[in-house]
Number of protein chains: 2
Amino acid sequence: MARPLPLNDQALEIVARRFAVLAEPMRLRLIQALFDGEMNVTGLVEATGGTQANISRHLQTLIAAHVLARRKEGLQVFYRISDPTIPKLCELVCGSLEKSLTRQAGHFSPGR
Amino acid sequence: MARPLPLNDQALEIVARRFAVLAEPMRLRLIQALFDGEMNVTGLVEATGGTQANISRHLQTLIAAHVLARRKEGLQVFYRISDPTIPKLCELVCGSLEKSLTRQAGHFSPGR
DNA sequence: GTAGTATATGAGTGAATACGTATATACTTG
DNA sequence: CAAGTATATACGTATTCACTCATATACTAC
């Protein structure tokens with residue numbers, strides 16, 4: 001049960017699609033901004049520095065992938081992380097990156 | 001140390017790139033085939049059902065991303081998983097997929 | 001040297017998609 | 001009803017990339 005199973009073609013595409021959703025810096029920025037809790041679109045636009053149209057599109061992508069969930073409140077829509085594995089995934093990748101980057105150093109911004 | 005850090009632009013692109021490498025069904029198939037241990041290119045071609053040229057390209061991509069490592073032995077080149085976080089990543093995603101797929105069922109291959 | 005096998009790469013093509021600009025929808029207020 | 005605000009979408013463009021076919025490289029054996 002704990003070890004990775006052999007997946008059929010359809011499952012492989014679903015897994016690949018899942019990774020693809022996380023394969024955009026702007027979407028990672030959105031996810032990062034939502035680690036602290038839910039936020040509305042305007043807040044996310046400001047937090048990420050993107051255009052409203054682009055942020056909205058990325059949010060739809062994340063909703064379709066069930067990474068985020070939304071809650072309407074009057075005119076505003078609040079987004080939040082709905083998949084608990086997302087933070088774990090990011091932790092894993094960031095952790096392994098730290099290891100390989102501390103050798104070369106300078107990739108994270110201490111001073112830049 | 002354990003919680004996800006805020007990443008700068010360059011780090012975000014590296015993380016995104018990492019996910020992008022895992023966002024292709026054929027590469028996932030290769031990784032899956034290597035869970036049991038190292039394998040040469042011909043073996044991987046047979047295991048995945050891809051063309052030799054295409055498999056070789058994907059292998060170069062995985063090598064460049066430090067997901068795999070290679071070992072030459074005469075004419076043959078043996079590939080293996082070199083990043084221990086890869087199996088964990090796949091486990092995480094597959095686990096969360098199982099949950100959402102067991103409702104629809106049939107995506108995993110019980111036999112084979 | 002030549003022939004043969006295993007792996008890598010160059011060139012071309014089609015599909016997917018991130019982004020910007022403009023516009024549409026949804027809701028609130030007067 | 002009209003006006004204003006928050007969010008979503010349509011369209012066009014540029015880029016990225018997976019794939020195929022053909023060829024190149026690397027090594028072994030004769």
Side-chain angles (χ1 to χ4, degrees), chain A residues 9-10 12-34 38-82, chain B residues 9-10 12-34 38-82:
Chain A
D9 292 0
Q10 191 175 355
L12 279 174
E13 282 182 19
I14 296 176
V15 174
R17 177 65 197 153
R18 187 132 193 97
F19 282 122
V21 167
L22 301 175
E24 279 300 316
M26 185 56 87
R27 284 198 285 268
L28 292 177
R29 227 173 289 182
L30 289 169
I31 290 170
Q32 211 172 216
L34 292 173
E38 69 176 11
M39 207 179 286
N40 66 4
V41 180
T42 303
L44 289 168
V45 169
E46 293 170 357
T48 59
T51 65
Q52 184 269 326
N54 198 31
I55 297 304
S56 183
R57 285 199 66 83
H58 282 306
L59 289 173
Q60 304 317 306
T61 301
L62 292 165
I63 286 287
H66 301 291
V67 170
L68 304 185
R70 27 177 293 162
R71 174 178 71 84
K72 278 192 84 169
E73 183 177 319
L75 265 181
Q76 307 178 44
V77 180
F78 289 86
Y79 287 84
R80 66 180 181 278
I81 297 175
S82 66
Chain B
D9 293 1
Q10 192 175 356
L12 279 174
E13 282 182 20
I14 297 175
V15 174
R17 176 67 197 151
R18 188 131 191 99
F19 282 122
V21 168
L22 301 176
E24 279 301 315
M26 185 57 86
R27 283 199 286 269
L28 292 177
R29 228 173 288 181
L30 289 169
I31 290 171
Q32 210 174 217
L34 293 173
E38 69 176 12
M39 207 179 287
N40 67 4
V41 179
T42 302
L44 288 169
V45 168
E46 292 170 357
T48 60
T51 66
Q52 184 270 325
N54 198 31
I55 297 303
S56 183
R57 283 198 177 288
H58 283 304
L59 289 173
Q60 303 317 306
T61 301
L62 291 165
I63 285 289
H66 301 291
V67 170
L68 304 184
R70 28 178 294 162
R71 174 179 70 86
K72 278 193 85 169
E73 183 177 319
L75 265 181
Q76 308 179 42
V77 180
F78 289 87
Y79 287 86
R80 65 180 181 278
I81 296 175
S82 67

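Each chain gets a letter, A, B and so on, in the order the sequences are listed, and its residues count up from 1.
Residues B/Leu44 and B/Arg29 form no side-chain contact, since every pair of their non-hydrogen atoms from C-beta on lies 4.5 Å or further apart. Between A/Ile31 and A/Leu22 the shortest side-chain heavy-atom distance falls below 4.5 Å. Residues A/Ile81 and A/Leu68 form a side-chain contact, since some pair of their non-hydrogen atoms from C-beta on lies under 4.5 Å apart.
Relative to the side chain of B/Asn54, the nucleotides D/dC17, C/dA8, D/dA18 differ in distance, and D/dA18 lies closest. Checked against D/dC27, C/dA18, D/dT9, the side chain of B/Leu75 finds its nearest nucleotide in D/dC27. Candidate nucleotides C/dC19, C/dT7, D/dT7 were compared by shortest atom distance to the side chain of A/Thr42, and D/dT7 ranks first.
Spacing between atom CG of B/Leu30 and atom P of D/dC19 amounts to 10 Å, rounded to whole angstrom units. A/Glu73 places its CD atom 15 Å from the C1' atom of D/dT5, with the value rounded to the nearest Å. A straight line from CG of A/Leu62 to C1' of C/dA18 spans 13 Å, rounded to a whole angstrom. Residue B/Asn40 contributes atom CG, which lies 10 Å from atom P of C/dA8 at whole-angstrom precision. Distance CE (B/Met39) to P (C/dT7): 12 Å, rounded to an integer number of Å. Going from atom CD of B/Gln60 over to atom C1' of D/dA26 covers 14 Å, rounded to whole Å. Atom CD in A/Gln76 sits roughly 13 Å away from atom P in D/dT5 (whole-Å rounding). As a whole-Å value, the separation of B/Leu28 CG from D/dA18 P is 12 Å.
Mapping B/Leu59 and A/Arg17 onto DNA chain C via the closest heavy atom, the residue that lands nearer the 5' end is B/Leu59. In terms of position on DNA chain C, the residue among A/His58 and B/Val77 whose nearest nucleotide sits closer to the 5' end is B/Val77.
Listed pair A/Arg70 / D/dA8 meets the phosphate criterion, a side-chain N or O lying under 4.0 Å from OP1 or OP2. For C/dC27, the OP1/OP2 oxygens have a side-chain nitrogen or oxygen of A/Lys72 closer than 4.0 Å.
Summarising the geometry, atom CG belonging to A/Leu12 is positioned 15.5 Å from atom CZ belonging to A/Arg17; distances are rounded to the nearest 0.5 Å. For the atom pair CG of A/Leu62 and CG of A/Leu30, the computed distance is 6.5 Å after rounding to the nearest 0.5 Å. Between the CD atom in B/Glu13 and the CE atom in A/Met26 there is a gap of 11.0 Å [rounded to 0.5 Å]. In this structure, CD on A/Glu38 lies 4.0 Å from CZ on A/Arg71, to the nearest 0.5 angstrom.
In this structure, the side chain of A/Thr61 does not engage the main chain of A/Val21 through any donor-acceptor pair within 3.5 Å.
Only A/Gln52, A/Ala53, listed by number, bring a heavy atom of residues 46-53 of chain A to less than 4.0 angstrom from any atom of DNA chain D.
Nucleic acid contact class of A/Ser56 (heavy atoms, under 4.0 Å, all strands): base. Residue B/Tyr79 is classed as a sugar-phosphate contact, given heavy-atom separations below 4.0 Å to backbone atoms only.
Judged by distance alone with a 3.5 Å cut-off, a donor-acceptor contact links the side chain of B/Arg57 to the base of C/dG10.
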